[in-house]
Engineer: 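This is the structure, below, for whatever I ask next.
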Amino acid sequence: AAYGAPYRVVALAKSSDKNVWSTVSLKYDAPYSVKYSEYAVVNAVVCLTEQKGAAVKAKTCEFKSSGEAKMIDYYATMYDAALYEAKSGKKVKDLGTVSGPAESCPIFITYNKSDPKIIAKPDSDAVDALVAQFAQ
């Protein structure tokens, strides 16, 4: 959709393998929030990229893989949030930074076997607060 108010926003963050973008949940009932089935109405995209060198080991998590216990390090980090026009891809502005806290081990993970580590996802409440500030 064309960029402009009312803003309909989707937030995306790069996964730890750096090749895949995943959605970051925004408040479900917020006027700027878009359901998966309504992506055609999106007119603004918030992209979250991990700050280089910001990852800090927070803990080691144990997972089972094929019946075998695996110990994988979990890293907290920081993300830069930037706003883009959905239709053109033109950058509108930087929105700020949000943390990627590594407080409790995730239930499900994917990781690179040659470099086994988990990078925390952006804090969705903090991302939502940035979006709410912009979208009002």
Side-chain angles (χ1 to χ4, degrees):
Y3 180 78
Y7 298 103
R8 302 301 306 264
V9 183
V10 67
L12 303 170
K14 279 190 177 178
S15 69
S16 58
D17 71 9
K18 305 296 182 204
N19 293 319
V20 177
W21 289 84
S22 58
T23 57
V24 176
S25 296
L26 300 176
K27 285 188 181 172
Y28 184 77
D29 59 350
Y32 48 81
S33 185
V34 179
K35 297 179 182 92
Y36 294 113
S37 61
E38 300 175 338
Y39 274 7
V41 303
V42 170
N43 61 14
V45 178
V46 175
C47 294
L48 296 125
T49 54
E50 184 185 359
Q51 293 178 347
K52 291 190 187 319
V56 176
K57 182 180 169 186
K59 59 176 49 188
T60 301
C61 300
E62 182 178 347
F63 299 95
K64 297 264 187 208
S65 177
S66 301
E68 183 181 328
K70 300 270 186 196
M71 302 301 288
I72 300 177
D73 292 335
Y74 192 23
Y75 290 79
T77 194
M78 295 296 292
Y79 289 87
D80 291 319
L83 177 69
Y84 294 85
E85 293 180 2
K87 193 170 191 171
S88 70
K90 177 183 166 195
K91 185 175 181 179
V92 176
K93 66 179 178 174
D94 291 318
L95 295 178
T97 60
V98 295
S99 66
E103 295 166 346
S104 60
C105 294
I107 296 170
F108 299 104
I109 64 162
T110 58
Y111 63 93
N112 182 337
K113 288 183 181 182
S114 64
D115 186 18
K117 63 183 172 187
I118 311 162
I119 304 296
K121 296 182 183 324
D123 179 302
S124 59
D125 289 338
V127 173
D128 190 78
L130 287 178
V131 172
Q133 234 179 3
F134 146 74
Q136 292 182 6

Engineer: Any chance you could measure Leu12, atom CG, to Thr23, atom OG1, to the nearest 0.5 Å?
Structural biologist: 7.0 Å
Engineer: Are Tyr36 and Val42 linked, directly or through intermediate hydrophobic residues, by side-chain heavy-atom contacts shorter than 4.5 Å (ILVMFWY only)?
Structural biologist: yes
Engineer: Residues in side chain to side chain contact (heavy atoms under 4.5 Å, CB included) with Pro101, at least two apart?
Structural biologist: Ser99, Glu103, Asp123
Engineer: Is the closest side-chain heavy-atom distance between Ser104 and Tyr74 below 4.5 Å?
Structural biologist: no
Engineer: Could I get the full list of ring pair (Phe, Tyr, Trp, His ring centres under 6.0 Å) partners for Phe134, not counting sequence neighbours?
Structural biologist: Tyr7
Engineer: Taking all atoms of both residues into account, what is the closest heavy-atom pair of Pro122 and Val127, and its distance?
Structural biologist: CB-CG2, 4.0 Å
Engineer: Does the salt bridge (charged side-chain N to carboxylate O under 4.0 Å, His left out) test come out yes or no for Lys117 and Asp115, once each step is laid out?
Structural biologist: CA-CA 6 Å; Lys117 63 183 172 187; Asp115 186 18; 3.7 Å; yes
Engineer: Do Val45 and Trp21 come close enough that some side-chain heavy atom pair is under 4.5 Å?
Structural biologist: no
Engineer: Val46 versus Leu130: any side-chain heavy-atom pair under 4.5 Å?
Structural biologist: no
Engineer: Could you pull out every donor-acceptor pair under 3.5 Å between side chains of residues 78-87 and any protein atom, sequence neighbours left out?
Structural biologist:
{"from": "Tyr79", "atom 1": "OH", "to": "Ala120", "atom 2": "O", "distance (Å)": "2.6"}
{"from": "Asp80", "atom 1": "OD1", "to": "Gln51", "atom 2": "NE2", "distance (Å)": "2.8"}
{"from": "Glu85", "atom 1": "OE1", "to": "Ser88", "atom 2": "OG", "distance (Å)": "2.6"}

Engineer: Is the side chain of Asp128 donor-acceptor paired with the backbone N or O of Lys27 at a distance under 3.5 Å, no angle test?
Structural biologist: yes
Engineer: Are Tyr39 and Val41 connected in a single hydrophobic cluster, I mean Ile/Leu/Val/Met/Phe/Trp/Tyr linked by side-chain heavy atoms less than 4.5 Å apart?
Structural biologist: yes
Engineer: Minimum heavy-atom separation for Pro106 to Phe63, with atom names?
Structural biologist: O-CE2, 3.2 Å
Engineer: Do the side chains of Ser124 and Val24 get nearer than 4.5 Å, heavy atoms only?
Structural biologist: yes
Engineer: Can you find a pair of side-chain heavy atoms, one from Val92 and one from Lys90, that are under 4.5 Å apart?
Structural biologist: no
Engineer: Which heavy atom of Asn43 sits nearest to which heavy atom of Gly4, and what is that distance?
Structural biologist: ND2-O, 2.8 Å
Engineer: Could you check whether any side-chain N or O of Arg8 sits under 3.5 Å from a backbone N or O of Ala44, counting only pairs where one atom can act as donor and the other as acceptor?
Structural biologist: no
Engineer: For a quick test of reading the model, state the closest non-hydrogen atom pair linking Tyr32 to Ala132 and the distance between them.
Structural biologist: OH-CB, 3.5 Å
Engineer: Roughly how far, to the nearest 0.5 Å, is CG of Leu95 from SG of Cys47?
Structural biologist: 10.0 Å
Engineer: Does a side-chain heavy-atom distance below 4.5 Å link Val34 with Val10?
Structural biologist: no
